[in-house]
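Remember, it's 1-based here, ligands and their atoms both numbered in the order they're listed.
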Amino acid sequence: MSNILVVGACGQIGIELVIELRKLFGLENVLASDIKEHCPPSLAEGKYVQFDIMDQNALVKIVKENNIKQIYLLAAMLSATAENKPIFAWDLNMQGLFNVLELARNKKIDKVFWPSSIAVFGANSPMNNTPQHTIMEPSTVYGISKLAGERWCEYYFKKYDVDVRSLRYPGLISYKSAPGGGTTDYAVDIFDKAVKEKKYICYLDKDTKLPMMYMSDAIRATIEIMEAPKAQIKVRSSYNLAGISLCPQDLYHEIKKKFKDFEIEYKPDFRQEIADTWPNSINDLAAKEDWNWKNRVKIEEIVKKMIIGFSQ
Ligand code: NAD
Ligand code: SER
C-alpha cells in the first residue's frame with residue numbers, strides 16, 4: 001500500500017524527490033501525482049495519479065484509497081509566472097495548502113512537507129546572511145503567498161498539532177527536469193544554452209547575487225527534515241536553507257573555463273525587479289542546529305554536473 005503522496009510530482013523538484021523517496025521507501029510506497037495527464041518516463045515505473053490539488057474531494061479519495069500517511073505538497077505557481085496571474089497564483093498556492101492541512105487536522109494523514117522560498121523576504125530584509133527571524137515584507141504575489149503559507153503552517157501546528165515541516169528553498173539548480181517559471185531559472189537555462197548554443201541572453205544583470213542550491217542537496221534536506229524526530233523541528237513556519245550564493249557573472253566565468261567561446265549578454269527584464277528584493281545570501285544556523293543540516297555541493301561541482309547533464 002502506498003503511504004507517501006507527492007503532489008506536483010512532474011515538476012523540477014517533484015521528479016527528483018519521487019525518485020529518491022522510492023529508492024528509500026520502495027517503489028510501491030510512493031504515489032506520484034500531478035495535474036498533468038501523464039507522468040515523465042523517469043516516474044513511470046511506479047504508481048501515478050492525475051488530479052488537481054484544488055479538488056478536495058479527489059484528494060480525500062486518493063488518500064483513503066492508497067492509505068496515504070505523508071504528503072509532500074509541491075504544486076504551486078512560481079514567482080515569475082505568478083506575477084502574470086496573481087489571483088490564480090494566490091488561489092493555487094493557498095487553497096492547495098489548506099486542502100492538505102485540513103486533512104492533517106482531521107488526522108487523515110500524519111505528516112506534511114510544504115516548501116516555502118527565499119521569496120518570503122523583501123527589500124527591507126537584511127540582504128546579506130539574512131537571518132531566520134527578521135523583517136519580511138515580500139513584494140511579489142508568490143512571496144506573499146509563501147509568507148502567508150508559513151504563518152498558516154505554524155498556526156496549524158500550534159492550534160491542531162499538525163506535523164507540518166517546511167524549508168525556504170533557495171533557487172534550485174538541476175538538469176533532469178525544466179524549472180517551472182521562477183526568477184532563479186536562469187541558473188539552469190544558462191547551462192542548457194552554453195552546451196547547445198554557446199550563447200546566453202540573461203534576464204538578470206551580471207552582478208545580481210542570489211542564494212542557490214544544487215538539487216541533490218535540496219532533496220536530501222527535504223527528506224532529512226521529514227525524517228528528523230518531531231521534537232527537533234523547532235521552527236514550524238519554515239527553515240532558512242543555504243547552499244551557495246552566486247550571480248550570473250560567477251556562472252559565466254565558471255562555464256567559460258570549459259567553453260572558451262561561450263558568450264553572455266545581459267538584458268534584464270521584469271524578473272530583475274523581483275530578484276532585487278531577494279537576499280544575496282542566507283543564514284541557516286537554525287536548520288544546522290536543530291536537525292544537523294549541512295550543504296554539500298559547491299559551485300565547481302555544480303558546473304561540472306550541469307554541463308555533463310545537458311551534454312547527454
Ligand atoms: P514546478 O513548477 O517545476 O512544478 C510544480 C508542479 O505542480 C508541476 O508539475 C505542475 O504541473 C504541478 N501543478 C500545478 N498546478 C497543479 C494543481 N492544481 N494540482 C496538481 N499539480 C499541479 O515547481 P518546482 O520548482 O518543482 O517547485 C515545487 C515547490 O517548491 C513549489 O511550491 C515552489 O514554490 C517551491 N520552490 C521551488 C524552488 C525552485 O527553485 N524550484 C525554490 C523555492 C521554492
Ligand atoms: N526559484 C524560485 C523562484 O524563482 C524561488 O522560490 O520562483
Side-chain angles (χ1 to χ4, degrees), residues 5-18 31-40 43 48-56 58-59 62 71-85 88-97 99-100 112-121 138 140-147 149-150 153 166-189 203-204 208 210-215 217-219 221-222 238-243 270-275 277-279 282:
L5 173 67
V6 179
V7 182
C10 300
Q12 191 197 8
I13 301 172
I15 292 179
E16 297 201 40
L17 181 65
V18 169
L31 176 61
S33 76
D34 202 285
I35 199 167
K36 291 183 179 154
E37 192 178 350
H38 300 292
C39 70
L43 302 187
Y48 178 77
V49 60
Q50 179 201 14
F51 90 105
D52 183 345
I53 189 59
M54 304 294 271
D55 183 346
Q56 173 78 333
L59 176 64
I62 288 164
I71 295 182
Y72 289 74
L73 172 58
L74 304 176
M77 189 172 278
L78 275 76
S79 59
T81 320
E83 286 307 293
N84 295 321
K85 293 184 179 173
F88 184 87
W90 172 261
D91 285 347
L92 171 63
N93 294 4
M94 299 314 299
Q95 194 56 48
L97 176 60
N99 286 349
V100 172
V112 176
F113 176 81
W114 173 82
S116 184
S117 160
I118 51 167
V120 291
F121 299 110
T140 60
V141 65
Y142 176 69
I144 295 168
S145 74
K146 288 294 183 187
L147 182 55
E150 286 191 9
C153 287
S166 178
L167 299 170
R168 291 173 183 152
Y169 289 135
L172 299 181
I173 306 181
S174 67
Y175 62 87
K176 290 184 185 159
S177 55
T183 301
T184 59
D185 292 5
Y186 89 84
V188 173
D189 300 338
Y203 58 78
L204 294 185
T208 308
L210 288 170
M212 299 277 181
M213 181 176 283
Y214 193 59
M215 186 61 86
D217 276 330
I219 300 296
T222 305
S238 189
Y239 277 96
N240 276 6
L241 192 71
F270 73 101
R271 289 168 280 192
Q272 183 67 45
E273 213 177 299
I274 299 176
T277 68
W278 290 358
I282 292 285

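Ligand 1 is approached by Ser116 to a heavy-atom distance shorter than 4.0 Å. Look at Gly182 and you'll find every heavy atom at least 4.0 Å from all atoms of ligand 1. Distances from ligand 1 to the non-hydrogen atoms of Pro170 include at least one value under 4.0 Å.
For Phe270, the CZ atom counts as densely surrounded, since its 6.0 Å shell holds more than 12 non-hydrogen atoms of other residues, nucleotides or ligands.
Contact annotation: the side chain of Tyr142 never approaches that of Ile274 to less than 4.5 Å [non-hydrogen atoms, C-beta and beyond].
In the vicinity of Gly8, heavy-atom distances shorter than 4.0 Å reach the ligand 1 atoms 6 (C), 7 (O), 12 (C). Every atom of ligand 1 with a heavy atom of Asp52 under 4.0 Å away is listed here by number and element: 17 (C), 18 (N), 19 (N). For ligand 1, the atoms sitting less than 4.0 Å from at least one non-hydrogen atom of Ile53 are 17 (C), 18 (N), 19 (N), 20 (C), numbered in the order shown with element in parentheses. Using a 4.0 Å cut-off to heavy atoms of Ala76, the atoms of ligand 1 that qualify are 31 (C), 32 (O). Atoms of ligand 1 lying under 4.0 Å from any heavy atom of Gly180, numbered from 1 in the order shown and given with element: 2 (O), 3 (O). Of all atoms in ligand 1, listed by their number and element, those nearer than 4.0 Å to a heavy atom of Phe51 are 19 (N), 20 (C). Per-residue contacts place Cys10 under 4.0 angstrom from the following atoms of ligand 1 (heavy atoms of the residue considered): 9 (O). Ligand 1 places these atoms under 4.0 Å from at least one heavy atom of Leu92: 15 (N), 18 (N).
Among protein heavy atoms, atom 22 (C) of ligand 1 sits closest to Ala75 CB, 3.5 Å. Of the protein's heavy atoms, Leu74 O, 4.1 Å lies nearest to atom 5 (C) of ligand 1.
Only side-chain heavy atoms of Lys146 come within less than 4.0 Å of ligand 1; its backbone N, CA, C and O stay farther off. Only the side chain of Lys36 comes within contact range of ligand 1, with a heavy atom under 4.0 Å; no backbone atom does. At a heavy-atom distance under 4.0 Å, only side-chain atoms of Tyr142, from C-beta outward, approach ligand 1. With a heavy-atom cut-off of 4.0 Å, Leu73 does not touch ligand 1 at all. Neither the backbone nor the side chain of Asn93 comes within contact range of ligand 1; no heavy atom lies under 4.0 Å.
Listed by chain and number, the residues in a side chain to side chain donor-acceptor pair (under 3.5 Å) with Asn240 are Arg168 (sequence neighbours excluded). Checked against side chain to side chain donor-acceptor pair (under 3.5 Å), Asn99 has the following partners two or more places apart in sequence or in another chain: Gln95. Take Tyr239 and apply the ring pair (Phe, Tyr, Trp, His ring centres under 6.0 Å) test, not counting sequence neighbours, and it matches Trp291.
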Any protein N/O atoms within less than 3.5 Å of an N/O atom in ligand 2? List the atom names and distances, or say none.
{"unit_1": "ligand 2", "atom_1": "1 (N)", "unit_2": "Thr184", "atom_2": "OG1", "d": "2.7"}
{"unit_1": "ligand 2", "atom_1": "4 (O)", "unit_2": "Ser79", "atom_2": "OG", "d": "3.3"}
{"unit_1": "ligand 2", "atom_1": "4 (O)", "unit_2": "Thr183", "atom_2": "N", "d": "2.6"}
{"unit_1": "ligand 2", "atom_1": "4 (O)", "unit_2": "Thr184", "atom_2": "N", "d": "3.1"}
{"unit_1": "ligand 2", "atom_1": "4 (O)", "unit_2": "Thr184", "atom_2": "OG1", "d": "3.4"}
{"unit_1": "ligand 2", "atom_1": "6 (O)", "unit_2": "Ser117", "atom_2": "OG", "d": "2.6"}
{"unit_1": "ligand 2", "atom_1": "6 (O)", "unit_2": "Tyr142", "atom_2": "OH", "d": "2.8"}
{"unit_1": "ligand 2", "atom_1": "7 (O)", "unit_2": "Ser79", "atom_2": "N", "d": "3.2"}
{"unit_1": "ligand 2", "atom_1": "7 (O)", "unit_2": "Ser79", "atom_2": "OG", "d": "2.6"}

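At least one donor-acceptor pair closer than 3.5 Å links the side chain of Ser79 to the backbone N or O of Thr183. Lys146 places a side-chain N or O within donor-acceptor distance of the main-chain N or O of Pro115, the cut-off being under 3.5 Å. A donor-acceptor pair is defined here as one N or O able to donate and one able to accept, closer than 3.5 Å; such a pair exists between the side chain of Ser166 and the backbone of Trp114. With Tyr203 contributing its side chain and Asp185 its backbone, the two residues share a donor-acceptor pair below 3.5 Å.
Here OG1 of Thr208 is found 12.0 Å from CZ of Arg271. Values are rounded to the nearest 0.5 Å.
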